Amino acid sequence: MPVIAIVDDDESFRRATTSFVRSLGYGTASFDSAEAFLKSEQISDADCLITDVQMPGMTGIELQDRLIAQGHSLPVIFITAFPEMRARAQALAAGAVGFLAKPFDDRNLISCLNEALARSA
């Protein structure tokens, strides 16, 4: 079963996203910060990462950069309440699967997950 890592500092959004992803039949691992995810052993277990862009401490963009620098080819889906064009362009240029603005249509997230898991297969 694919495992989706979810990183978001907003607890209610993180719980809702985790519940939704589980309802699709995937395993999940959730984290309240980029730093917590990087310190975990889930990096090697995760098949995809869903992360917020703007978080205290390390941002989602910085997390993506760190993963790439460490040699992880984990597909990343960004979700943000502040869809800045510069951040979107940077994320997609670095290989992000998607960049969704909150609130988003569940079908868009499902489509991104399908693409991400196809890439990691």
Side-chain angles (χ1 to χ4, degrees):
M1 170 188 334
V3 174
I4 312 302
I6 300 163
V7 178
D8 199 307
D9 61 310
D10 180 331
E11 183 178 356
S12 62
F13 182 80
R14 189 174 63 249
R15 283 185 180 177
T17 304
T18 298
S19 177
F20 177 69
V21 170
R22 283 185 183 156
S23 78
L24 298 172
Y26 301 118
T28 60
S30 64
F31 303 89
D32 62 0
S33 70
E35 294 86 355
F37 176 63
L38 288 171
K39 290 177 186 174
S40 78
E41 295 182 15
Q42 296 295 326
I43 292 175
S44 57
D45 296 335
D47 297 290
C48 176
L49 170 64
I50 297 172
T51 185
D52 191 5
V53 173
Q54 294 187 348
M55 298 180 285
M58 185 182 297
T59 68
I61 300 291
E62 292 167 337
L63 172 58
Q64 180 188 38
D65 291 343
R66 179 81 56 91
L67 289 169
I68 292 168
Q70 292 178 353
H72 298 286
S73 58
L74 188 62
V76 180
I77 300 167
F78 288 95
I79 298 176
T80 183
F82 306 99
E84 299 171 1
M85 292 307 295
R86 182 174 166 218
R88 182 180 193 282
Q90 184 178 355
L92 294 174
V97 175
F99 195 94
L100 306 176
K102 295 177 186 175
F104 56 88
D105 186 312
D106 291 345
R107 293 173 294 184
N108 290 337
L109 180 56
I110 292 168
S111 176
C112 288
L113 283 168
N114 289 337
E115 182 179 339
L117 295 173
R119 283 188 191 183
S120 68

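Predicted, not measured: the structure shown is a model, and the values here were computed from it. All values below come from the heavy atoms of this structure, side chains included, with hydrogens, waters and symmetry mates left out.
Across I77 and A116, no two heavy atoms sit closer than the pair CD1-CB, 4.5 Å. Between A5 and F37 the shortest heavy-atom distance is CB-CE1, 3.6 Å.
Within the 4.5 Å cutoff, the side chain of T28 has no heavy atoms near those of the F20 side chain. Side chains of T80 and D52 form a contact here, defined as non-hydrogen atoms less than 4.5 Å apart. Put simply, the side chain of L49 does not reach to within 4.5 Å of the side chain of F31, judged on heavy atoms. A 4.5 Å side-chain heavy-atom check between Q42 and D45 finds at least one atom pair inside the cut-off.
Note that CD of E11 and OG1 of T18 are 10.5 Å apart. Values are rounded to the nearest 0.5 Å. Rounding to the nearest 0.5 angstrom, the gap separating the CG atom in L74 from the CD1 atom in I68 is 10.0 Å. Once rounded to the nearest 0.5 Å, the distance linking CD1 of I110 with SG of C112 reads 10.5 Å.
Cluster membership check: M55 shares its hydrophobic cluster with F99, using side-chain heavy-atom separations under 4.5 Å among Ile, Leu, Val, Met, Phe, Trp and Tyr. Tracing side-chain contacts under 4.5 Å through hydrophobic residues (I, L, V, M, F, W, Y), one never reaches V3 starting from V7; they form parts of separate clusters. Neither I43 nor V21 shares a network with the other; the hydrophobic side chains, linked directly or stepwise wherever heavy atoms of I, L, V, M, F, W or Y lie under 4.5 Å apart, form separate groups for each. Cluster annotation: V97 and L117 are assigned to the same hydrophobic cluster (Ile/Leu/Val/Met/Phe/Trp/Tyr, side-chain heavy-atom contacts under 4.5 Å, transitive).
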Check the pair I61 / F78 against side-chain contact (heavy atoms from CB on, under 4.5 Å), numbers first and verdict last. CA-CA 9 Å; I61 300 291; F78 288 95; 4.0 Å; yes
Full working for side-chain contact (heavy atoms from CB on, under 4.5 Å) between L24 and I4: CA-CA 11 Å; L24 298 172; I4 312 302; over 6 Å; no
What's the verdict on side-chain contact (heavy atoms from CB on, under 4.5 Å) for I50 and L113, showing C-alpha distance, side-chain angles and the deciding distance? CA-CA 9 Å; I50 297 172; L113 283 168; 4.2 Å; yes
Can you check side-chain contact (heavy atoms from CB on, under 4.5 Å) on Q64 and T51, steps first, answer last? CA-CA 9 Å; Q64 180 188 38; T51 185; over 6 Å; no
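A 6.0 Å sphere centred on CZ of R119 holds more than 12 heavy atoms belonging to other residues, nucleotides or ligands. Atom CD of Q70 has more than 12 heavy atoms from other residues, nucleotides or ligands within 6.0 Å. Heavy atoms of other residues, nucleotides or ligands lying less than 6.0 angstrom from CZ of R14 number more than 12.
Ionic pairing of E62 and R66 is not present here: no N-O contact between side-chain nitrogen and carboxylate oxygen is shorter than 4.0 angstrom. Looking at K102 and D10, no side-chain N of the basic residue comes within less than 4.0 Å of a carboxylate O on the acidic one, giving no salt bridge.
Between F104 and F13, the ring planes lie perpendicular to each other; the angle is over 60°, past the 30° to 60° tilted range.
Looking at Q54 and E84, their side chains do bring a donor and an acceptor atom within 3.5 Å of each other.
Under a 3.5 Å cut-off, the side chain of D9 and the backbone N or O of S33 do not form any donor-acceptor pair.
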